[in-house]
Amino acid sequence: MFKILSTKSLNICIASLCRVKNLKKAEAVLIDGIRVGILPDVVTYNTLIDGYCRFFGIDSGYSVLDRMKEAGLNPDVITYNTLLSCASRYRLLSRSFDLFDEMIEVGILPDVWSYNILMHCFFKLGKPDEAYKVFKDIFLRNITPAPATFNIMITGLCKNRYIDNALMLLRNLQRNGFRPELVTYNILIDGLCKSGRWRSAKGLLKEMLDFGHTPNAITYTIVMKCSFKNRMFEEGLEIFLEMKAKGYTFDGFAYCTVAGALLRTGRIKDANECMGNMFRSGIDLDMVCYNTLINLYCKEGKLDDAYNLLDEVEKMGFECDKYTHTILIDGLCKAGNVKGAQRHLKNMNMMGSGTNLVAFNCFIDGLCKLGQVDYAMQVFESLKVKDEFTYSSMVQGLCRVGRFHLAAKLLLSSIKSGMRILRSDKKAVIRCLRSSGFCDEAKKLQSKIRLAKLLYY
DNA sequence: TTAGGGTTAG
C-alpha cells in the first residue's frame with residue numbers, strides 16, 4: 001500500500017478500491033486522509049459516486065452526492081454524467097432525462113458524454129428518431145463528437161433493426177475521414193450476423209482485417225455464435241479452440257456460447273463436458289454461466305439439481321433473472337410438472353420482475369404438448385402481447401387435437417399481425433384439414449395465406 | 001464518466 005501524500009494520490013487509491021468493489025476500505029482511506037489534512041475534492045466524490053452507483057444502485061450514489069454538497073463541494077459535469085450513466089445502466093430512463101434537465105437548470109453545461117448517454121437512453125427506449133435528434137444537436141451546438149458518439153449511434157441503429165442505416169452512416173463517416181475502430185466493426189459484424197446477413201458480415205470482417213485491426217475475444221465470439229446459428233458446427237468449434245489457444249477464454253462468454261449451441265441442438269453430453277471445462281478453468285462465473293448450467297441440468301432432467309444450484313447461487317449473492325425463470329419453467333413443463341411450472345410462474349409474477357413473454361410461451365407450449373389444450377388456450381387469450389412463438393405453439397397444439405378450424409384462424413391472424421410463420425405450422429394446419437376431408441378448405445386457406453402475406457409483410 | 005460478444009421458447 002502506497003503512502004497518501006496528496007489529494008491526487010488519495011484519489012488514485014480510492015479509485016483502485018472502488019474498481020474492486022471495496023467501498024468500505026475506500027471510505028476508511030478517505031477518513032484517514034482527512035485526519036492527516038488531505039482533503040477530498042470533486043474527483044474523490046465523483047469516484048465514490050461511480051463506485052456506489054455501479055455496485056449498489058443510483059440511490060447510494062445520491063447519498064454520496066449529499067455528502068459532497070455537505071462538504072461544500074459543488075457537483076460538476078462529471079458528477080452528473082456519472083449519475084446519468086448509472087440511471088441508463090439500471091434502465092431508469094426517465095430519471096436519466098430528469099438528470100439531464102436538472103444539470104442544465106443548475107447551470108452545468110452538458111458535454112459530449114452527457115449527449116452520448118442521452119442518445120443511448122433514447123435507443124434503449126426504442127426511439128431512434130429521438131436519438132438521431134440528439135446526435136444532430138451535438139453538431140448544431142458545435143460540440144466535438146467522440147469516437148464513442150458514432151459507435152453509440154451505430155449500435156443503437158443495429159439494435160433497433162436499422163442495420164442498413166447503420167451501414168450507410170458508417171460509409172458517410174468514412175467519406176468524411178472517420179476511421180472505424182475495432183469496436184465499430186464488432187458492432188456492425190454482430191448486427192449483420194444477427195440479421196442473417198452472413199455474407200455482408202464476412203465482407204466487413206475482411207475490410208476490418210485489411211485496415212490492420214486484430215480481432216479480439218469479442219470478434220471471435222460474434223463469429224463463433226454466427227457459425228452455430230448457420231449450423232456450421234465444426235467451424236464454430238474450431239473457432240472456440242482458436243480462442244482457447246489465443247487465451248481468449250478468460251471469461252464465460254465463449255464457454256456459454258458453445259454450451260448454449262450444444263444444448264439447443266440436443267448435444268447434452270458435449271454441453272456437459274464444455275461446462276465441466278469451464279469450471280476447471282477457474283474463471284469467475286456470473287449469472288449467465290449459472291443460467292447455462294441450470295439449463296444443462298434441466299435438459300438432463302435433473303430438476304432437483306437445478307433448484308439446488310439456484311439456492312446456492314442466490315446464497316452467493318446473485319439474483320436470478322428472466323432467463324433463469326424461463327429455463328426453469330420450460331424445464332418443469334418438459335418434465336411434465338405443470339403444477340410446478342404454474343407455481344413458478346406465479347412466484348415470478350409476484351416478484352414483479354416484469355412481463356416475461358418467453359416464459360409464458362414455454363408454458364403454453366408445455367400445456368399443449370401435455371394435452372391440456374383448453375388450459376393453454378385460456379392462457380393464450382389472457383396474454384395482452386403475443387409473438388410468433390405464442391401463435392406457433394398454439395397452432396401446433398390445436399392441430400394435434402384436430403381443432404384445425406381454430407388453428408387456421410390463429411395462423412391467419414398471426415400473419416395479419418405481421419408475424420413470420422413457420423413452414424411447419426402451415427403444413428400442420430393444411431395436413432390436418434386434408435386428412436379430415438376438408439380438401440377445399442385447405443386450398444382456400446393456402447390462397448388466403450398467400451394473400452395475407454402479400455398484404456401484411 | 002459513454003459504445004461491442006455469451007444464457008430462454010415454437
Side-chain angles (χ1 to χ4, degrees), chain A residues 46-47 49-50 53-54 76-86 88-89 111-121 123 146-156 158-159 181-191 193-194 215-226 228 243 248 251-261 263-264 278 286-296 298 321-331 333-334 356-366 368-369 387-397 421-422 424-425 428:
Chain A
N46 285 347
T47 312
I49 290 173
D50 183 53
C53 278
R54 202 172 285 277
D76 63 4
V77 67
I78 297 176
T79 319
Y80 272 95
N81 287 348
T82 308
L83 289 165
L84 259 173
S85 66
C86 176
S88 164
R89 202 179 308 127
D111 65 5
V112 66
W113 312 117
S114 326
Y115 283 97
N116 286 350
I117 302 164
L118 197 65
M119 249 167 56
H120 194 214
C121 285
F123 276 125
T149 311
F150 303 118
N151 291 333
I152 292 169
M153 194 65 204
I154 292 173
T155 312
C158 287
K159 293 236 160 93
E181 301 173 307
L182 176 64
V183 177
T184 324
Y185 280 108
N186 281 346
I187 295 165
L188 280 159
I189 292 167
D190 185 51
C193 284
K194 284 192 175 133
N216 62 5
I218 297 177
T219 326
Y220 274 91
T221 315
I222 292 166
V223 178
M224 179 169 70
K225 190 175 162 62
C226 195
F228 289 134
M243 285 184 82
Y248 283 165
D251 58 21
F253 277 80
Y255 288 104
C256 292
T257 310
V258 175
L263 286 173
R264 265 190 297 278
M278 183 180 83
D286 61 10
M287 199 57 221
V288 179
C289 299
Y290 289 117
N291 280 341
T292 311
L293 194 59
I294 291 172
N295 192 19
L296 171 69
C298 286
D321 56 18
K322 61 175 182 172
Y323 288 91
T324 328
H325 293 307
T326 313
I327 289 163
L328 285 164
I329 287 163
D330 187 57
C333 286
K334 295 231 161 72
N356 186 344
L357 179 59
V358 185
F360 277 96
N361 287 346
C362 292
F363 190 52
I364 288 173
D365 191 64
C368 287
K369 284 181 178 150
D387 66 6
E388 48 212 65
F389 285 85
T390 332
Y391 278 93
S392 174
S393 292
M394 207 58 246
V395 167
Q396 292 281 356
I421 57 158
L422 290 182
S424 56
D425 293 342

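No hydrogens, no waters, no symmetry mates; every other heavy atom, side chains included, goes into these values. First the proteins, then the strands, lettered A, B, ... as listed; each starts at 1. The structure displayed is predicted, hence computed values, not measured ones.
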With sequence neighbours excluded, residues passing side chain to side chain contact (heavy atoms under 4.5 Å, CB included) with [X]:
{"X": "A/Thr390", "value": "A/Leu357, A/Asn361, A/Ile364, A/Phe380, A/Leu383, A/Lys386, A/Asp387"}
{"X": "A/Thr47", "value": "A/Ile14, A/Ala15, A/Cys18, A/Val43"}
{"X": "A/Thr257", "value": "A/Thr221, A/Met224, A/Lys225, A/Phe228"}

- Task: Return the set of residues passing side-chain hydrogen bond (donor to acceptor under 3.5 Å, both in side chains) with A/Asp286 (not counting sequence neighbours), or none when no residue passes.
- Result: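 Partners of A/Asp286 under the side-chain hydrogen bond (donor to acceptor under 3.5 Å, both in side chains) test: none.
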
Looking for any heavy atom pair under 4.0 Å, which part of the strands does [X] touch: base, sugar-phosphate only, or nothing?
{"X": "A/Cys333", "result": "nothing"}
{"X": "A/Ala146", "result": "nothing"}
{"X": "A/Asn216", "result": "base"}
{"X": "A/Cys256", "result": "base"}
{"X": "A/Asp425", "result": "nothing"}
{"X": "A/Asp76", "result": "nothing"}

- Among A/Tyr255, A/Tyr220, A/Phe253, whose ring pair (Phe, Tyr, Trp, His ring centres under 6.0 Å) with A/Tyr248 holds?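 Checked A/Tyr255, A/Tyr220, A/Phe253 against A/Tyr248; only one passes ring pair (Phe, Tyr, Trp, His ring centres under 6.0 Å): A/Tyr220.
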
- Along DNA chain B, first and last positions that approach a heavy atom of chain A under 4.0 Å: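 On DNA chain B, the outermost contacted nucleotides are B/dT1 to B/dG10.
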
- Message: Among residues at least two apart in sequence or on other chains, which ones pass salt bridge (charged side-chain N to carboxylate O under 4.0 Å, His left out) with A/Lys369?
- Response: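 By the salt bridge (charged side-chain N to carboxylate O under 4.0 Å, His left out) rule, A/Lys369 matches A/Asp365.
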
